[in-house]
Colleague: 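Have a look at this one.
Throughout, numbering of the chain's residues begins at 1 and tracks the sequence. Just follow the structure's listing: the first ligand is 1, and inside any ligand the first atom is 1.
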Amino acid sequence: MSSHYHVIIIGTGAGGGTLAYRLAPSGMRILLLERGDFVTREVDNWSTRAVNVDGKYQTSERWRDRAGKELHPHTNYWVGGNTKFYGSALFRLRKEDFGVVKHHGGISPAWPIDYDELEPYYTEAEHLYQVHGERGEDPTEPTASAPYRHPAVSHEPRLQQLSDDFTALGLHPFHTPLGIMLDEKNRRQSRCIRCGTCDGHPCLVNAKSDAQVICVDPALKYPNVTLLTGAYVSRLETDGSGREVTRVIVERNNVRESYSADIVVSSCGAINSAALLLRSMSDRHPRGLANGSDVVGRHYMGHINSVLMALSRCPNPTIFQKSLAVNDFYFGSADWKYPMGHISFVGKLDGITLSAGAPAIAPGWTLDLMAKHSLDFWLTSEDLPDPENRVTLDREGGIVLSYTPNNGEGHQRLIAKLEKLMNQQRRCPIHGRECHQGLFSRNLFVGQRIPLAGVAHQNGTIRFGDDPATSALDRNCRAHEVDNLYVVDGSFFPSSGAVNPALTIMANALRVGDHILERLGAKREEKLTMSVQTVGAT
Ligand SMILES: Cc1cc2nc3c(=O)[nH]c(=O)nc-3n(C[C@H](O)[C@H](O)[C@H](O)COP(=O)(O)OP(=O)(O)OC[C@H]3O[C@@H](n4cnc5c(N)ncnc54)[C@H](O)[C@@H]3O)c2cc1C
Ligand code: SF4
């Protein structure tokens, strides 16, 4: 196998997988290097015990926090990356998120590109990932150049009732845009069966729009695309000038291999891409590759996320719970002028999942009873890019993740808003009583802030920008200091908004893909012209 390619892409998740899809038809020789393997299709894909209790598909890697305490990251190394496990809630950032946004805890900085530049790629990514949704319901939704191609995923009765209750209270609940291949008009032939084990699980029937199914598998149909699994990239090496990556060092089957390409793209996820660049330090790049600005690894963000279980009198028999969301408090409210964030749902929790150490048992309840009566909300607020929240390496090259929470007040207020709303619910038409009232004298909410190990929404560690002094990547996600190095995972975010990140990573990968296509086309022409001139001179 030849070891030189036009493009090497490291990592096959939302960023790398989508980029591979974009570049594959060009005929360029493309090598995908993925440390993981394909997820085995097996019954355990849909077992909450295997997935949530045993952590069967999670990495066994151990990182450390700032204090040196061991950290078991909840992340997954497989073809398709974390999209194999995601809830496929595929949101655009809001238009305002691309500008400066003032938060209670500080400033969320502007991006070097504006929403309009990414908009066509958002549309394309939504179509590619078969997003089901309904335009016009979400009051904070930015303008879009095309409708969703697939109808919104309907609510089951309990969520429809909640949606109606929220509407009656003056809110604007909406259908969560979701990348699942559900055909509700033809359930008999629908690929997606609308099961209860979507969020956090791989899809046994390949009906989730993940990066493997949607992008990597189709890309591999092209003879010019090669995938190596079990291929851990340990280091990138440059030429003497330090301006070009000339060797991609891979550990595979306990053997060290080396590959090269005209363009090298890191898409290992925000934490691992930062770690890779830091590991690739050299005389020319003493602080880590492309890190003259010293921003590589810094500004780690992961959102402020909480799961809030609202325990109601009425049971919640919902199977697929992720259909409903509320953004009325995204930018603030009449009584609080700062952003609070986004309210949606996690997949329906069960007693087995709760036994994995989620919320404490409410007095008088069993875990099963709690799960049968809970509405399981997912609340997301924006954390701000603090340079001291960062990825570094310990002496053995292991990952250290330092993080001090910030901007927490808006999140607390979001929780308080939701609790208040739940206490104001009207009489339930199904059960003829106040469903949302707790079984006890007071309403019951059991909450848990997602801990540091919950790195699902990791981003920000190799930010893009126009100023090489304050960013590592330019607006095309090319390293300021290394001509042929790009990063297309969640690292490039200068700020993270408060909606799930994957669609933005996918849209940006398509955008960067177009840039790379143009660049390599130009380069091939350049080479042709040069050789013609040489011939003419002799
Ligand atoms: C349980 C869960 C639920 C989620 N739900 C949602 C959701 O509903 N909506 C949403 O928008 N987002 C969701 N996310 C987040 C979403 O999955 C991520 O934002 C997205 O996958 C990040 O894309 P990425 O390209 O940055 O990295 P990843 O998708 O993580 O891909 C990185 C890839 O690089 C590989 N890799 C890492 N290091 C190396 C190396 N050194 N050499 C070779 N390969 C390497 C990894 O194995 C992986 O395949 C969820 C995440 C999780 C875990
Ligand atoms: S069948 Fe549908 S709901 Fe179930 S995991 Fe697959 S995509 Fe998700």
Colleague: Using side chain to side chain contact (heavy atoms under 4.5 Å, CB included) as the criterion, list what pairs up with N52, not counting sequence neighbours.
Modeller: T48, H201, T353
Colleague: Please give me the protein atoms (N, O or S only) lying under 2.8 Å from atom 6 (Fe) of ligand 2, ordered by chain and number.
Modeller: C203 SG
Colleague: When you look at S260 and H4, which way does the side chain to side chain donor-acceptor pair (under 3.5 Å) test go after all the steps?
Modeller: CA-CA 5 Å; S260 63; H4 190 81; 2.7 Å; yes
Colleague: Tell me, which residues have any heavy atom less than 4.0 Å from some atom of ligand 1?
Modeller: I10, G11, T12, G13, A14, G15, L33, E34, R35, N76, Y77, W78, G81, N82, T83, F85, Y86, G87, S88, A89, D199, G200, A231, Y232, V233, S267, C268, G269, N272, A456, H457, D489, G490, N500, P501, A502, I505
Colleague: Looking at R35 and E251, is there a salt bridge between them, counting it only when a charged N and a carboxylate O are closer than 4.0 Å?
Modeller: no
Colleague: Can you label the angle between the Y5 ring and the Y259 ring as parallel, tilted or perpendicular, going by 30° and 60°?
Modeller: tilted
Colleague: Only counting residues at least two apart or in another chain, list the ones meeting ring pair (Phe, Tyr, Trp, His ring centres under 6.0 Å) with Y129.
Modeller: none
Colleague: My understanding is that only one of H127, E119, E126 makes a side-chain hydrogen bond (donor to acceptor under 3.5 Å, both in side chains) with T123; could you say which?
Modeller: E119
Colleague: Among L308, I343, N305, D199, which one satisfies side-chain contact (heavy atoms from CB on, under 4.5 Å) with W378?
Modeller: N305
Colleague: Please check if any side-chain donor atom of S273 sits under 3.5 Å from a side-chain acceptor atom of S266, or the reverse.
Modeller: yes
Colleague: Return yes if a side-chain donor-acceptor contact under 3.5 Å exists between Y403 and D386, otherwise no.
Modeller: no
